[in-house]
There are 2 protein chains.
Amino acid sequence: MESNIAIPALSALAQETRLAVFRLLVQVGPTGLAAGQIAERLGVPAPTLSFHLSHLSHAGLVTCQRISRSLIYSANYQTMNELVSFLTENCCGGTSGCEPICNPVSVRSAS
Amino acid sequence: MESNIAIPALSALAQETRLAVFRLLVQVGPTGLAAGQIAERLGVPAPTLSFHLSHLSHAGLVTCQRISRSLIYSANYQTMNELVSFLTENCCGGTSGCEPICNPVSVRSAS
DNA sequence: AAATTATTTTTATATTTATCGAAATATGGA
DNA sequence: TCCATATTTCGATAAATATAAAAATAATTT
């Protein structure tokens, strides 16, 4: 995952309602939930939720499938996986830092 | 890590300049870099950089230490570690979710 | 076709965030 | 003390984001 893809994903999760939506969708699993059910369970007005779902969808964090009148949203685990990989590979540091995957870095003193 | 701490951290990283700053600080390691050096290497005006450093600092992602006239910023690996843990624990599915998170690690000792 | 349900899009507004020149603060040296 | 350096804070402005009522779209039922 490149940073120009990671940033929209991070941005999508960096908001209270959207993080709650995503966590809920992860909890319920691949079956997903209809938009109306999400709105009800989180107490969010429909237009507000739709705005946030659109944001999550655009970031690739959720997918959506129409079943009859309902739009069923599900978490996209692959994108989440790639985001976590991006963070561990690019934003975790040396031996004393985040364990997984670190390139040794040669530090030179200021010139 | 609670979500009310994770959100500021996610928000801090969800911005091009701040993500670049954090990645740079991870690259250079625990020695850190002076604000002016970061500004020069990333081509960001000093006031703009200061705004973003403050944001990263409030999110607990960087620490700062004055040495003479310079303020040396370093990545805070612990917060990053906790953020990744939060994401894997709360935003990745159970057994069927994002399990292959970590690639095998080959760590070379730092020189 | 009309009514009903589920959801999105439009629209408007309020709030937050990003940018960067100018001024202010802090440190060290002459 | 005066000057230079390093960085932050102030101030103004522009841009993006969040909210939710009202209207519009889509699918189903009667």
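Just so it is clear, the model here is predicted, and its values are computed rather than measured. Proteins come first, then strands; the chains are lettered A, B, ... in the order of their sequence lines, and each starts at number 1. The analysis underlying the following values was restricted to heavy atoms, covering all of them including side chains, and did not include hydrogens, waters or symmetry mates.
- Among the heavy atoms of the strands, none lies under 4.0 Å from B:Ala39.
- Counting to the nearest Å, the C1' atom of D:dA27 and the CZ atom of A:Arg66 are 6 Å from each other.
- Around atom CZ of B:Arg66, more than 12 heavy atoms belonging to other residues, nucleotides or ligands sit under 6.0 Å away.
- Contact annotation for A:Ser70: backbone-only contact, meaning every heavy-atom pair under 4.0 Å involves sugar-phosphate atoms and none involves a base.
- Rounded to whole Å, the distance from CG on B:Leu53 to P on D:dA6 is 16 Å.
- A:Pro45 comes within 4.0 angstrom of the backbone, heavy atoms only, and of no base.
- One can place CD1 of B:Ile7 at 16 Å from P of D:dT17, the figure rounded to the nearest angstrom.
- Atom C1' of nucleotide D:dT7 and atom CD of B:Gln37 are separated by 13 Å, given to the nearest angstrom.
- Atom CD1 of A:Ile38 is separated from atom C1' of C:dA6 by 13 Å (rounded to the nearest Å).
- B:His52 has no side-chain polar atom (N or O) that falls below the 4.0 Å cut-off from OP1 or OP2 of C:dT17.
- Across all strands, B:Ala46 comes closer than 4.0 Å to base atoms (heavy-atom distances).
- At least one side-chain nitrogen or oxygen of B:Tyr73 sits closer than 4.0 Å to the OP1 or OP2 atom of D:dT8.
- In this structure, A:Ile72 and A:Leu33 have side chains that are not in contact, with every pair of non-hydrogen atoms separated by 4.5 Å or more.
- Judged by distance alone, with hydrogens and angles left aside, A:Arg69 brings a side-chain donor or acceptor within reach of the base of C:dT4, the pair sitting under 3.5 Å.
- Between the CG atom of B:Leu49 and the P atom of D:dT9 there is a distance of 12 Å, rounded to whole Å.
- Look at CD on B:Gln65: it is 17 Å from P on D:dA6, rounded to the nearest Å.
- Nearest nucleotide to the side chain of B:Gln15, out of D:dT7, D:dA21, C:dA18: C:dA18.
- The nearest pair of heavy atoms linking B:Leu13 to B:Leu19 is O-CB, 3.5 Å.
- At whole-Å resolution of the value, CG in B:Leu56 and P in D:dT8 are 12 Å apart.
- B:Leu83 contributes atom CG, which lies 11.0 Å from atom CD1 of B:Ile5 (distance to the nearest 0.5 angstrom).
- No donor-acceptor pair under 3.5 Å is formed between the side chain of A:Asn76 and the backbone N or O of A:Thr63.
- For B:Arg18, counting side-chain heavy atoms from C-beta on, the closest listed nucleotide (C:dA18, D:dA18, D:dT8) is C:dA18.
- The residue among B:Thr48 and A:Phe51 whose nearest nucleotide of DNA chain C lies closer to the 5′ end is A:Phe51.
- At least one side-chain nitrogen or oxygen of A:Ser68 sits closer than 4.0 Å to the OP1 or OP2 atom of D:dT28.
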